[in-house]
Amino acid sequence: MRAVTLQASGRVQGVGFRWATKVAADKCGVNGIVRNLMDGSVFIEAEGEDQRIAVFIDVIRQSPTDFGRVDHLIVHESEPQNYHNFRITN
């Protein structure tokens, strides 16, 4: 089990980024949350099998929506929170 936190900045709010992130997480088979931050970035917690997380990170880095753009992605390893699904929290 691998757990990561991601913070994506760029054109990531107002373009369906959170919804597209949830769709990507469901396709990749990872659990966690996604939410907008007040600074205009998007915060993601994701956990799952190592290979699934690696694929998910690549999808986010390339922007899961055609209307978005990720200029900067911060990835940190974290402790699993034992999520049972992936959801949008705000």
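Numbers for residues simply follow the sequence, beginning at 1. Only this structure's heavy atoms are used, side chains among them; waters, hydrogens and symmetry mates stay out.
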- request: Name all pairs fulfilling the salt bridge (charged side-chain N to carboxylate O under 4.0 Å, His left out) condition that reach into residues 25-45, sequence neighbours left out, sorted by first residue then second.
  value: Lys22-Asp26
query: Would Val59 end up clustered with Val23 when hydrophobic side chains under 4.5 Å apart are linked, directly or stepwise?
result: no
message: Would you say CD of Gln81 has more than 12 non-hydrogen atoms from neighbouring residues, nucleotides or ligands within 6.0 angstrom?
response: yes
message: Let me confirm one number: the CD-NE2 distance from Glu47 to His84, rounded to the nearest 0.5 Å.
response: 9.0 Å
Spacing of CD1 belonging to Ile53 relative to CE belonging to Met1, to within rounding of 0.5 Å: 8.5 Å
Smallest separation among heavy atoms of Val12 and Gly40, with atom names: CG2-O, 3.4 Å
query: Under the 4.5 Å side-chain heavy-atom rule for ILVMFWY, direct or indirect, which residues accompany Tyr83?
result: Ile33
query: Got a sec, which residues hit salt bridge (Lys or Arg N to Asp or Glu O under 4.0 Å) with Arg61, two or more places apart in sequence or on another chain?
result: Asp58
- prompt: Other than Leu37, which residues form its hydrophobic cluster under the rule that side-chain heavy atoms must be closer than 4.5 Å?
  reply: Phe43
- prompt: Any Lys/Arg nitrogen of Arg52 or Asp50 sitting under 4.0 Å from an Asp/Glu carboxylate oxygen of the other?
  reply: no
field: Qualifying residues under side chain to side chain contact (heavy atoms under 4.5 Å, CB included), relative to Ser9, sequence neighbours excluded
entry: Ser41, His72
task: Could you please spell out the steps behind the side chain to side chain contact (heavy atoms under 4.5 Å, CB included) verdict for Phe86 and Val34?
output: CA-CA 8 Å; Phe86 196 95; Val34 60; 3.7 Å; yes
- prompt: Do you know which two heavy atoms are closest between Val55 and Cys28, and how far apart they sit?
  reply: CG1-SG, 3.8 Å
query: Given the rule that I, L, V, M, F, W and Y join up when any side-chain heavy atoms are under 4.5 Å apart, are Val70 and Val75 in one cluster?
result: yes
task: List for me each residue that meets side chain to side chain contact (heavy atoms under 4.5 Å, CB included) alongside His76, sequence neighbours excluded, and say none if there are none.
output: Thr5, Ile74
- request: Show your reasoning for whether side chain to side chain contact (heavy atoms under 4.5 Å, CB included) applies to Val42 and Gln13.
  value: CA-CA 7 Å; Val42 170; Gln13 289 192 15; 4.2 Å; yes
Non-hydrogen side-chain atoms of Ile60 and Phe17 separated by less than 4.5 Å: yes
field: Heavy-atom closest pair, residues Ala46 and Phe56
entry: CB-CE2, 3.7 Å
query: How many angstroms lie between OG1 in Thr21 and CD1 in Ile88, if you round to the nearest 0.5 Å?
result: 8.0 Å
For Ala20 against Thr65, the heavy-atom pair lying closest together: CB-CB, 3.9 Å
- line: Those residues at least two apart in sequence (or on a different chain) that pass salt bridge (Lys or Arg N to Asp or Glu O under 4.0 Å) with Glu77 are Arg2
message: With side chain to side chain contact (heavy atoms under 4.5 Å, CB included) as the criterion, how do Asn82 and Asn31 come out once you've worked through the C-alpha distance, each side chain's angles and the decisive distance to 0.1 Å?
response: CA-CA 8 Å; Asn82 298 315; Asn31 297 326; over 6 Å; no
field: Met38: partners by side chain to side chain contact (heavy atoms under 4.5 Å, CB included), with sequence neighbours left out
entry: none
- prompt: Rounded to the nearest 0.5 Å, how far does CZ of Arg11 lie from OG of Ser63?
  reply: 8.5 Å
